[in-house]
Amino acid sequence: HQVLRISVADEAQVQTVKELEDLEHLQLDFWRGPAQPGSPIDIRVPFPSIQAVKVFLEARDIRYTVMIEDVQSLLDEEQEQMFASQSWARSTNTFNYATYHTLQEIYDFMDLLAAEHPELVSKLQIGSSYEGRPIYVLKFSTGGNNRPAIWIDTGIHSREWVTQASGVWFAKKITQDYGQDPTLTAILDNMDIFLEIVTNPDGFAFTHSKNRLWRKTRSLTSGSTCIGVDPNRNWDAGFGKAGASSNPCSETYRGKFANSEVEVKSIVDFVKDHRNIKAFISIHSYSQLLLYPFGYKKESPADKDELDQVARSAVEALTSLYGTKFKYGSIITTIYQASGGTIDWTYNQGIKYSFTFELRDTGRYGFLLPASQIVPTAQETWLALLTIMEHTLSHPY
Amino acid sequence: MFIFITSCVGVEPQPSTVDRAVLSFLALLSLQPSRRSFGSNQKKEYKVDLAFTTELYNPEEGKERLGKCSARVFFRNEKPRPAINITCTRLIEKKTRQEEDYRLYKYMKQLQNLLDVVSIPDSHGHIDPSLRPIWDLAFLGSSYVMWEKTTQFLHYYMAQLSSVKQWKTNEDAIDFDYTVLLHEFSTQEMIPCHIHLVWYPGKPLKVKYHCQELQTPEEASGTEGGSAVAQTELSNF
């Protein structure tokens, strides 16, 4: 089969091509139908009809080019490529960390990692998403019983792809460095790490299937045709106050009530049941910031000075790797007023070391960060995370 | 005409951490949170001071030439379209600039089949090098739209060139009709804008645009409003 691209010079030629459409025996498949002069017309022509169609066009002085010489070979090639890039990695050592992955690939990765390091890694399901997808958390633990823990989440806003990708990298990094890197080893010998890589799986699936720039959950809101709640406005901290929207069509829609989103409620329940989380880090992109509470009010948290110091050290560590500049401060003074936010809630629960990251970049690519930047971003962020975790370890409370 | 800003030198340096770091003046402006030097008087005027460097669009090997700029941006009464005072030193000479523009123009004139273009960058942040100038031209038009909308509270970025509706080069000027998604930072909204620009090197850029302002339910078909916008000319932009 070939695909021909036809250039029609005038309305008469458009009509002529339309006549072709009516000739059913030719079995033509119009990819781009006749519209008006100036608009190309693309037709897939089965082999037996190729001669006839070309003669038809040439006799009427209608110009065309062969856009695709052989459709089948293109399809064959595409199949090959799809299999190649499907990243059916058989181990986390052959997994490609420098590319973006689908939900299924990330979920498969988690299983691989847990299978490869059963003494360190386990996969927990903390709930199910609105559309019924499992919500998984990786637990990194060297033992003990309900040890003080560090929580890290990525991908709460689904379009912030560098964050889920970084989460995958962090998971692998932890398994590589335990027993090798003194800092991480000390941390894991005394504390557990919980890592939720795809915090908003419905949104993430949607960014792959329909809308790359989708941010919210995919829950239906009764009384509105708009879908989704901003999961970082749905927490019970300053809920209803300025800094979130009450309009379901807004990107910062808070939801009908706090914890209305199962993706949020699952974490809330987990944190409350655990009772021993000492640091909580929620990761977003973009704008290169490290933030601490509050977002919903101007008053500083009681631990402001310490949090500011920790943020400063963490940012220094981050910058030391590639020179990436970060700003830091409280949410409300550094970025904007935001109510119902994650770390405001966790801080109010008594989790002192509550931080939010905004990773690369500062707007040039924004959410569409080139895959080549995934690993450098993860590497530099990891240094900041280590700083926070180490401080948490050496400052028990 | 093309001034690309690579880094902000001054109070808080932003070195280019991406290759060919290209930030628009406006994107740079959006980076300035409340830490920047703000002055305000009774008439509710906010000003922001910026310092940054520029680089050549297509830097030749060993010919790194950084221009230096400083700017003061004035927002009045929370209105958009801030006034800008800007001075630059060490920019390349006008004649060279014109040659560069013309070279770019000639490259663009021979580009075809752009009507198939969707999503630049793609989901993975990739831009085909041959299509890079299209993104840049789209960005130039967008930067005008963003300037028209920027206030001290509303900051915009061009998230994506989402489609090319028309790319006409048969006459002298390049006639470029396209849609972009603008990301507004404080509301996190993605705003589709339909932009029509006409460029001929040496002449002021002509920009018409219409942005979908209302938060329409995402199921509704993406209609762009019917009202035509008065043609706007840019000079010295």
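Reminder, nothing fancy here: chain letters follow the sequence lines and each chain counts from 1.
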Closest heavy-atom pair and its distance - [X], [Y]:
X: B:Ile127; Y: A:Tyr365; answer: CD1-CE2, 4.1 Å
X: A:Tyr286; Y: B:Phe185; answer: O-CZ, 3.6 Å
X: A:Glu251; Y: B:Glu189; answer: N-OE2, 2.7 Å
X: B:Ser123; Y: A:Arg212; answer: O-NE, 3.0 Å
X: B:Ala159; Y: A:Leu213; answer: CB-CD1, 4.3 Å
X: A:Pro370; Y: B:Gly125; answer: CG-O, 3.6 Å

Task: For A:Tyr64, ring pair (Phe, Tyr, Trp, His ring centres under 6.0 Å) partners two or more places apart - done: none

TODO: To the nearest 0.5 Å, tell me how far B:Leu181 CG sits from A:Asn211 CG.
DONE: 8.0 Å

TODO: Under the side chain to side chain contact (heavy atoms under 4.5 Å, CB included) rule, what do A:Ile374 and B:His124 come out as? Steps first, then yes or no, please.
DONE: CA-CA 10 Å; A:Ile374 294 172; B:His124 292 224; over 6 Å; no

Open item on the list: For chain B, which candidate among A:His157, A:Arg159, A:His208 shows the most heavy-atom pairs at distances under 4.5 Å?
Closed with: A:Arg159

Task: More than 12 heavy atoms from other groups under 6.0 Å of CZ on A:Arg32 - done: yes

Open item on the list: Taking atom CD as the centre, does B:Glu171 end up with more than 12 heavy-atom neighbours from other residues, nucleotides or ligands that are less than 6.0 angstrom away?
Closed with: no

TODO: Go through the atoms of B:Thr187 and report whether side chain, backbone, both or neither lie under 4.5 Å from a heavy atom of chain A.
DONE: backbone

TODO: Just jot down the side-chain hydrogen bond (donor to acceptor under 3.5 Å, both in side chains) partners of B:Asn113, sequence neighbours excluded, or say none.
DONE: A:Arg5

Open item on the list: Is it the case that the side chains of B:Gln188 and A:Arg233 hold a donor-acceptor pair, with the cut-off being a distance below 3.5 Å and no angle test?
Closed with: no

Task: A:Tyr336 portion near chain B, given a 4.5 angstrom heavy-atom threshold - done: side chain

